[in-house]
Amino acid sequence: MTMRCGRARRLLWPDSGPKPASTELANAQAHLDECESCRRFMADMRAMRAQASRLVPPQKMPRAARERLFTALARERAMYEPERESRRGFRGLALGFAIAILVASVFGWAWTHENAVLEPELPLAAVAEDHMRGLHQESIATSDLDDIRRWLAEHVPFAVHIPMIMGSRIEGARICFLDSERGVVLRYSLNGRPVSYYVMPDRQPEGARPDVAAFQQEVQAGYSVVAWRGAGLAHALVSDLPRRRLAALARSCAERLATTEAPTVECRLPADRVKAPLRTERSPSTPVTALPTLTGNL
Amino acid sequence: MHRPTRHIGLSRKKRGLLDCAFEELLSEHLDALYQASLRFCGGREADAEDLLQEAVLRAFRGFNTLERAAAGRSWLFTILFRTFLNGLRTVERRAEVLSNDLDESAFEAALERWAPSLTPEEAAERHAFVEQFLAVLDDLHAGLRIVIWLVDVEGFAQREVAEMLGVAEGTVASRLYRGRQQLRNALMDTAQDATWRRR
């Protein structure tokens with residue numbers, strides 16, 4: 001009895017490689033040899049497969065999407081780095097800023113501090129972030145506060161208060177990537193010495209934020225870092241000024257921020273650029289205790 | 001917070017090597033994974049990016065489960081598909097993708113009804129296929145679209161796709177056939193419309 005076309009096609013297609021020999025399979029092959037329609041069917045199936053791969057042009061992942069993906073991956077990787085209790089919370093934030101400066105020093109800045117110690121292994125996430133920073137080169141060089149405010153509104157999804165640091169001149173702003181977060185750096189010059197004011201999203205859970213301004217300090221490669229939280233953001237001042245002087249500036253900035261009633265810069269980023277990172281679970285950080293009040297004038 | 005078991009007992013240097021191996025594997029297949037994500041999500045870029053990101057993070061956490069480097073590509077695509085499936089909101093949508101819907105006699109009857117390929121007139125409109133192919137593909141049901149993409153575009157064997165999707169090989173064959181049939185019919189309709197508009 002002649003095999004039906006449907007049965008023959010079912011046995012012979014898909015052509016997924018050698019099949020166990022059987023009488024029915026042999027009959028199907030014999031049917032194929034005699035049936036033009038079935039041979040046409042097999043040819044059509046092969047052609048459709050070839051057509052599909054030909055009609056789909058290779059498409060590279062958009063660079064911005066690629067960077068977001070690797071940023072999330074870097075953040076995930078950082079979650080699994082072994083952490084001692086003392087490195088959580090603020091200390092981690094201050095060290096993150098300091099390590100970024102340390103990496104920049106290794107890659108091009110003059111190494112002048114004789115007591116500086118290289119990390120035994122390069123912080124790869126910070127290197128990747130610096131690379132991203134270099135690619136984007138998003139910055140503005142101006143002393144006009146309104147221009148800076150407008151630029152900030154177009155580049156970061158959070159409100160930024162621009163403090164007036166006594167005796168200094170603001171010189172511009174730039175975007176930074178630290179610990180897989182996008183933030184902003186306001187650049188000042190104080191008596192000819194650069195001062196960077198970092199503003200980053202605050203990653204602490206809502207309930208863990210301290211009620212009082214608390215400061216953490218760190219020194220790396222001759223640069224002082226003073227960090228604190230306020231207005232839902234994390235802040236830090238970085239400079240080669242003496243540590244006590246920088247701490248006084250930080251306290252002044254924090255006090256002014258605390259008296260600011262409303263955000264001074266409204267976010268005008270398009271909705272598709274305000275993309276919340278994927279949430280990952282974090283264990284509660286160690287509560288930050290306030291340091292003794294610093295003495296000394298500016 | 002769950003820490004990946006692959007980190008337990010590993011030195012920092014070995015963790016770094018593992019991370020490098022993962023990024024190397026990912027970089028090799030990232031563009032293909034992105035394209036597949038797009039098609040799984042019916043062309044919606046934001047959804048595709050979210051899907052891919054979640055899949056990559058899951059793959060990173062479970063990198064120790066990859067037994068052979070040679071299986072890395074199918075392993076990544078399997079995770080992508082499973083992540084997509086987990087993201088489907090309704091039981092109906094999951095069933096659309098997962099159901100073992102093969103009815104052998106109906107399948108054979110459908111195979112028998114296959115019409116011959118393009119007429120010369122339709123072949124002349126083939127250039128339109130390039131533009132319309134992805135649009136038509138995105139209109140297919142997810143279950144058919146995914147099989148077409150994995151077999152015809154990515155070149156996975158049907159056995160591999162059956163393992164990825166957790167269905168029988170016959171189901172893959174059935175969906176492949178129905179997907180190709182619908183794809184071809186839709187493209188032919190497009191070609192005929194274009195021919196009619198030119199007259």
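Excluded from the calculations below are hydrogen atoms, water molecules and symmetry mates; all remaining heavy atoms, backbone and side chain alike, are included.
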Pair B:D152-A:V56, side-chain contact (heavy atoms from CB on, under 4.5 Å): steps then yes or no:
CA-CA 10 Å; B:D152 287 348; A:V56 174; over 6 Å; no
Given heavy-atom pairs under 4.5 angstrom as the criterion, report whether the side chain, backbone, both or neither of B:L38 touches chain A.
side chain
Give, as side chain, backbone, both or neither, the part of B:A173 having an atom under 4.5 angstrom from any heavy atom of chain A.
both
Taken to the nearest 0.5 Å, the spacing of A:Q59 CD from B:Y34 OH works out to 5.5 Å
Taken to the nearest 0.5 Å, the spacing of A:F41 CZ from B:Y177 OH works out to 6.0 Å
Do A:M48 and B:Q181 come within less than 4.5 Å of each other through their side chains, counting heavy atoms only?
no
Given the options B:E45, B:Q35, B:R39, which has more heavy-atom pairs under 4.5 Å with chain A than any of the others?
B:Q35
Any Lys/Arg nitrogen of B:E49 or A:R66 sitting under 4.0 Å from an Asp/Glu carboxylate oxygen of the other?
no
When you check the gap from the basic side-chain N to the acidic O, do B:E112 and A:R9 get nearer than 4.0 Å?
no
Which atom pairs, one a donor and one an acceptor, fall under 3.5 Å between side chains of residues 68-78 of chain B and the rest of the protein, sequence neighbours left out?
residue : atom : partner : partner atom : Å
B:R73   : NH2  : B:E154  : O            : 2.6
B:R73   : NH2  : B:E154  : OE1          : 2.9
B:S74   : OG   : B:A71   : O            : 3.2
B:W75   : NE1  : B:T65   : OG1          : 3.4
B:T78   : OG1  : B:S74   : O            : 2.7

Look only at the side chain of B:D31 and the backbone of A:M61, and say whether a donor-acceptor pair between them is shorter than 3.5 Å.
yes
Need one label for B:L26: side chain, backbone, both or neither, based on atoms under 4.5 Å from any heavy atom in chain A.
side chain
Considering only residues two or more places apart or on different chains, which pairs with a residue in residues 24-34 of chain A satisfy side chain to side chain donor-acceptor pair (under 3.5 Å)?
A:R7-A:E24
Under 4.5 Å heavy-atom distance to chain A, tell me which part of B:V172 shows up: side chain, backbone, both or neither.
neither
How long is the gap from CG on A:L73 to CD on B:Q53, to the nearest 0.5 Å?
9.0 Å
Distance col, row B:L57:CG vs A:L69:CG, nearest 0.5 angstrom, shows 7.0 Å
What I'd like to find out is whether the side chain of B:S27 reaches to under 4.5 Å of the side chain of A:F70, using heavy atoms alone.
yes
Give, for atom CD of B:E104 and atom CZ of A:R10, the distance between the pair rounded to the nearest 0.5 Å.
4.0 Å
So how far is it from B:R184 CZ to A:D44 CG, rounded to the nearest 0.5 Å?
6.0 Å
Do you know which of B:L33, B:L183, B:V151, B:L52 has the most heavy-atom pairs with chain A at a distance under 4.5 angstrom?
B:V151
